[in-house]
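Structure first, then comments.
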Amino acid sequence: MEMAKTYEPSVFEKDLYHWWEKEGFFTPSVDSKKEPFTIVIPPPNITGQLHMGHALDESIQDCIIRFKRMQGYSALWLPGTDHASIATEVKIVEQLAKEGIDKYQLGREKFLERAWAWKAQYGGRIVEQLKCLGSSCDWSREAFTMDERCSKAVKHVFVKLYNEGLIYQGDRIINWCPECQTALSDAEVDYQEQASHFWHFKYFTPDGKTEVVFATTRPETMLGDTAIAVNPDDERYKNLVGKTVVVPFVNREIPVIADSYVEKDFGTGVVKITPAHDPNDFEVGLRHNLPVIRVMNDDGTMNKLAGKDYEGLDRYAARKKIVAEMEKIGQLVKIEDYSHNVGECYRCHTTVEPIVSKQWFVKMKPLAERAIQVVKDGEVNFVPKRFEKIYFNWMENIKDWCISRQLWWGHRIPVWYCQDCGEVICQEDTPHECPKCNSKKLKQDDDVLDTWFSSALWPFSTLGYPEETPDFKYFFPTNVLVTGYDIIFFWVARMIFSSLHHTGKIPFKEVLIHGIVRDAQGRKMSKSLGNGIDPLEFIDKYGADTLRFSLLNGVSSGGDIRFSADKVEGNRNFMNKIWNASRFVLMNSEGKQLVDISKCKLSVADKWILDKLNCVIKEVTANLENYELGVAANKLYDFVWSEFCDWYIEFSKPVLYGTDEEARTVTVSVLNYCLDKILKLLHPFVPFITESIYQNMPNHERTIMLAQYPVFDKKSIYKDDAETLDLIKEIIKSVRNARAEYGVAPSKRLHLYIRPAAKQKQIEQSSIYIEKLAGAEEITFVGKDVSFEKVVSLVSAGGEVFIPMGELVDKQKEIARLEKEAADVKSEIARAEGKLGNKGFVEKAPAKLIEQEKEKLAKYKEMLAKLNGRMEELKNL
RNA sequence: GGGCAAUUAACUCAGCUGGGAGAGUGUCUUCUUGACGUGGAGAAAGUCAGCGGUUCGAGUCCGUUAUUGCCCACCA
């Protein structure tokens with residue numbers, strides 16, 4: 001098949017993907033003869049559209065899984081999606097609002113119908129988008145957090161924890177989102193600095209004789225105050241403790257208490273205590289047995305307990321009114337400007353309200369212990385390691401996890417209440433009657449679970465847990481989890497403790513953390529900034545391979561990456577380079593019978609490229625095994641472009657365009673050999689272009705996807721000849737350099753006189769390379785005793801080259817040039833001599849290093865002697 | 001308040017366990033040789049943030065300062 005002249009990815013990417021999928025290449029089998037390698041995808045939300053963050057995450061995973069597959073593992077990349085309870089519900093509520101429908105009017109059942117319909121319509125969208133990237137996921141095992149299998153695991157785990165006493169229900173301070181009208185976990189609250197005020201108020205003792213001044217940032221909560229607190233050691237207020245003060249408007253008499261929570265030096269040293277609306281106050285309230293008076297409704301308005309002047313007012317309106325009224329009655333002391341952090345809902349960005357509420361919690365302390373231990377023991381490794389600290393910090397200070405949500409879309413809590421006797425029934429299947437009183441009047445808990453509750457089970461629920469399925473037994477624990485640092489708490493930590501507790505095993509051996517994709521200026525890509533790049537549009541324009549390579553080339557674990565147009569162009573050009581180099585090889589292979597290169601006489605250049613190839617195989621394999629994808633991509637880029645294309649292909653041309661048939665066959669064979677390895681090395685990074693070209697190769701296997709990844713040959717048998725060619729390269733480079741410096745047209749053929757520094761015989765045999773690549777019409781190898789007059793003389797590590805240039809040579813200019821070169825060499829000599837003259841170095845440095853340094857010194861001294869000699873000759877002319 | 005990272009060429013970043021400063025982009029010169037002008041060849045360009053220490057030797061290890069970014073905590 002003829003290859004097109006330019007690289008046009010849109011022509012083949014889609015077809016190849018369909019073919020791979022249809023052939024079942026993505027689907028591994030449970031095969032006891034093979035070792036498994038498993039990755040579970042961080043399930044994208046069904047509300048999601050593919051963005052650059054996904055593209056990065058998926059590219060990394062696909063690169064790893066393709067590498068492992070080619071290494072012969074039974075490699076499973078298990079895909080799926082997340083129902084994303086709150087995020088999806090928010091979307092559907094919005095959609096309903098556009099139709100003028102209220103969620104509560106619609107009712108739970110109808111609402112869920114809408115949600116499922118929504119899932120059916122949009123849930124598959126992101127999956128299709130993943131395919132555009134080339135993700136080699138096993139779609140036959142695709143999961144969804146609310147499918148039957150995952151739901152079963154969720155119920156099983158809930159009941160298990162409940163029976164173990166690790167899930168409990170209680171009235172606690174939780175973060176409440178008045179917009180979404182649900183509780184949130186601590187992790188779901190984002191803090192933003194906001195400019196606000198610090199209101200100083202005063203309360204009086206009932207007799208009106210004594211006042212106490214305090215400051216607050218939330219005046220409206222004073223209606224729920226049940227105490228005033230001071231520090232026990234605060235002399236200023238000692239005589240106040242035990243007295244009472246009156247909360248205006250509600251006319252409640254509340255005690256002044258002493259608690260060490262209060263800091264003497266902050267504000268006035270007096271704190272109003274509102275147990276129902278502040279986590280710290282709640283704790284103080286418990287210690288002092290204070291009443292808990294909740295003055296707010298779920299929607300953020302004030303309730304009856306706030307008094308009839310405030311009932312029904314929005315919290316901010318109430319705040320305004322309180323301040324005004326306090327001023328009126330002379331109890332407003334002053335207002336300071338104050339900037340502080342305010343928590344907001346991570347989904348709708350409404351300011352959350354700490355509120356006392358009855359919720360379900362997971363007891364974290366017992367679960368956290370082992371989760372910390374496995375990371376400490378290195379059973380689970382974070383890459384890079386520094387993220388372990390973040391993990392420990394969180395795990396060690398963890399509070400109980402609020403898991404109930406007042407939402408409808410999600411896993412409904414498997415708890416039923418008997419309407420007659422009040423029995424609480426927690427079980428996996430829906431009960432038909434109360435086990436205690438046989439009543440049939442049972443009502444299921446209205447709440448659903450935190451979306452992260454099901455995500456926490458993902459690595460094992462998707463593989464069949466709690467059943468001991470063949471997949472679960474074979475593919476679990478998984479090998480590596482790839483994700484961004486932004487969800488370590490939400491997800492990674494919870495998977496670790498969940499897996500340990502429920503399966504008794506770690507969920508994965510390694511956690512590969514990456515950063516986020518930023519724009520060219522280093523800004524986060526966001527909708528509001530409008531600086532996001534749509535990966536799909538991008539793929540249309542440049543192809544998936546360019547996108548993948550742009551994300552992978554230069555990615556370092558844990559770091560953010562910048563995505564700039566420049567970089568992209570460069571990588572697209574690289575694809576084009578691969579394409580055209582391949583075209584060159586294939587065009588020259590037409591009609592040729594390839595030979596086994598291990599059995600024929602190879603040229604110096606052949607051996608050189610094979611040696612370099614062998615080195616790059618070793619390094620890239622090691623990098624990939626250590627998940628250093630960015631480094632590996634970079635090395636391949638360099639090898640393919642600089643060594644294979646710029647040098648080897650050029651070396652091959654004199655042979656290919658020559659007349660020696662046998663040599664041509666060998667060179668074509670080496671070209672094919674290298675290209676085959678190059679495509680395989682690159683395949684995990686850029687699957688489409690490599691497969692597309694591979695299918696045009698002579699003697700190719702069915703698919704490159706399942707071909708063996710190149711293996712390093714320890715023998716390195718071509719080292720010596722490779723060194724010869726390095727000398728030749730030096731000679732060529734020095735001639736090219738001189739041509740540019742003297743402005744000699746490339747078309748001008750030169751007569752070169754060469755005195756190689758070493759390996760003269762081998763270099764003479766390979767003079768054809770110098771001839772072609774340095775533009776020589778004739779080459780004469782000379783010995784030591786020859787001297788020249790009107791020449792430019794070049795001294796390099798490869799040896800000396802003399803170029804007669806007739807009148808072109810300006811004597812003074814040439815001397816000046818040689819001076820400059822001599823200066824460089826002299827500084828090298830000075831460096832080496834300094835080192836070798838240093839007693840400490842000679843005594844303590846490794847012998848090998850000293851030897852190398854001596855060799856360098858000798859080499860430079862020789863070069864300097866040549867340069868000096870040449871300058872003498874010129875001066876005497 | 002606590003923690004983490006970054007600081008290397010004009011720009012974006014590599015530089016693994018200490019042993020002669022690298023790449024890409026951009027800039028400048030130059031080249032229509034039969035893979036590729038999305039290309040080839042060549043060049044200029046860096047007190048490796050500052051200071052101190054360890055070492056025969058520090059971009060690399062330690063301490064410290066500065067600047068920037070991020071995370072956690074949330075004293076009302």
Side-chain angles (χ1 to χ4, degrees), chain A residues 3 5-7 191 198 214-218 221 229 261-263 265-274 278-281 284 340-343 384 386-387 389-390 393-394 397 485-486 488-489 515-516 520 522 553-554 556 558-567 569-588 619 622-623 626 628 630-631 634-635 637-638 641-642 645-646 649-650 653 656-657 732-733 736-741 743 745-747 772-773 775 827-828 831-832 834-835 838-846 848-850 852-853 856:
Chain A
M3 281 178 69
K5 192 171 174 182
T6 47
Y7 163 64
Y191 287 90
F198 213 18
F214 60 89
T216 178
T217 54
R218 293 191 299 153
T221 62
Y261 151 72
V262 182
E263 299 215 2
D265 303 331
F266 190 82
T268 61
V270 182
V271 185
K272 69 190 234 356
I273 301 296
T274 323
D278 183 277
N280 292 308
D281 293 6
V284 174
H340 66 145
N341 279 333
V342 176
R386 67 184 135 93
F387 287 101
K389 261 195 188 165
I390 299 178
N393 182 40
W394 193 72
N397 299 302
Y485 53 64
D486 48 338
I488 292 178
F489 305 135
I516 57 173
N553 187 13
S556 60
D560 292 344
I561 83 161
R562 279 192 202 207
F563 199 84
S564 69
D566 283 355
K567 212 177 190 171
E569 296 260 323
N571 289 317
R572 190 271 318 265
N573 294 353
F574 179 53
M575 295 305 121
N576 191 59
K577 193 75 180 174
I578 296 168
W579 187 262
N580 278 291
S582 305
R583 220 162 58 88
F584 173 83
V585 173
L586 295 176
M587 273 164 32
N588 282 289
E619 291 179 19
N623 289 141
N626 294 322
E628 297 161 345
V631 181
N634 210 268
K635 279 178 185 159
Y637 181 99
D638 208 53
W641 202 314
S642 313
C645 294
D646 288 347
I649 284 186
E650 294 309 318
K653 284 177 184 174
L656 295 178
Y657 302 147
I732 293 168
K733 283 200 270 185
R736 283 174 175 173
N737 181 305
R739 290 187 94 113
E741 206 158 321
S747 53
K772 297 291 179 191
L773 274 64
S827 79
E828 290 298 332
R831 191 192 52 76
K835 240 177 177 179
N838 184 330
K839 240 184 175 175
F841 179 75
V842 181
E843 278 164 17
K844 295 185 182 172
K848 198 177 158 195
L849 208 69
I850 297 172
Q852 277 173 14
E853 211 56 49
K856 280 183 212 162

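Keep in mind the model is a prediction, meaning the values are calculated, not measured. Throughout, protein chains are lettered first and strands after them, A, B, ... in sequence-line order, and every chain is numbered starting at 1.
Relative to the ring axis of Phe584(A), Lys653(A) places its NZ or CZ within 45° and under 6.0 Å from the centre.
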For nucleotides 10-16 of chain B, tabulate all protein N/O to nucleotide N/O atom pairs closer than 3.5 Å, reporting atom names and distance.
{"unit_1": "U12(B)", "atom_1": "O3'", "unit_2": "Arg562(A)", "atom_2": "NE", "d": "3.4"}
{"unit_1": "C13(B)", "atom_1": "OP1", "unit_2": "Arg562(A)", "atom_2": "NE", "d": "3.1"}

Enumerate the protein-to-nucleotides 1-6 of chain B contacts in which both atoms are nitrogen or oxygen and the separation is below 3.5 Å.
{"unit_1": "C4(B)", "atom_1": "OP1", "unit_2": "Lys389(A)", "atom_2": "NZ", "d": "2.9"}

CA sep, side-chain torsions, deciding dist, call: Asp281(A), Tyr261(A), side chain to side chain contact (heavy atoms under 4.5 Å, CB included): CA-CA 9 Å; Asp281(A) 293 6; Tyr261(A) 151 72; 3.9 Å; yes
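With rounding to whole Å, Asn571(A) atom CG is found 16 Å from U38(B) atom P. Whole-Å rounding puts the Asn553(A) CG to G24(B) C1' distance at 8 Å. Summarising the geometry, the separation between CG on Asn573(A) and C1' on C36(B) is reported as 10 Å, rounded to the nearest angstrom. In this structure, Glu263(A) places its CD atom 10 Å from P of A76(B), rounding to the nearest Å.
At least one side-chain heavy atom of Ile390(A) sits under 4.5 Å from a side-chain heavy atom of Phe489(A). Contact annotation: the side chain of Ile850(A) approaches that of Phe841(A) to within less than 4.5 Å [non-hydrogen atoms, C-beta and beyond].
In the model, Asn634(A) has no side-chain atom that pairs as donor or acceptor with a side-chain atom of Asp638(A) under 3.5 Å. Side-chain atoms of Asn588(A) and Tyr657(A) form no donor-acceptor pair, as typed in the model, at a separation below 3.5 Å.
In this structure, Tyr7(A) and Trp579(A) have tilted ring planes: the angle between them lies in the 30° to 60° band.
Under the Watson-Crick and G-U wobble criteria, each requiring two contacts below 3.5 Å, nucleotide U64(B) is paired to G50(B). Here C11(B) sits opposite G24(B) as a Watson-Crick or G-U wobble pair (both hydrogen-bonding atom distances under 3.5 Å).
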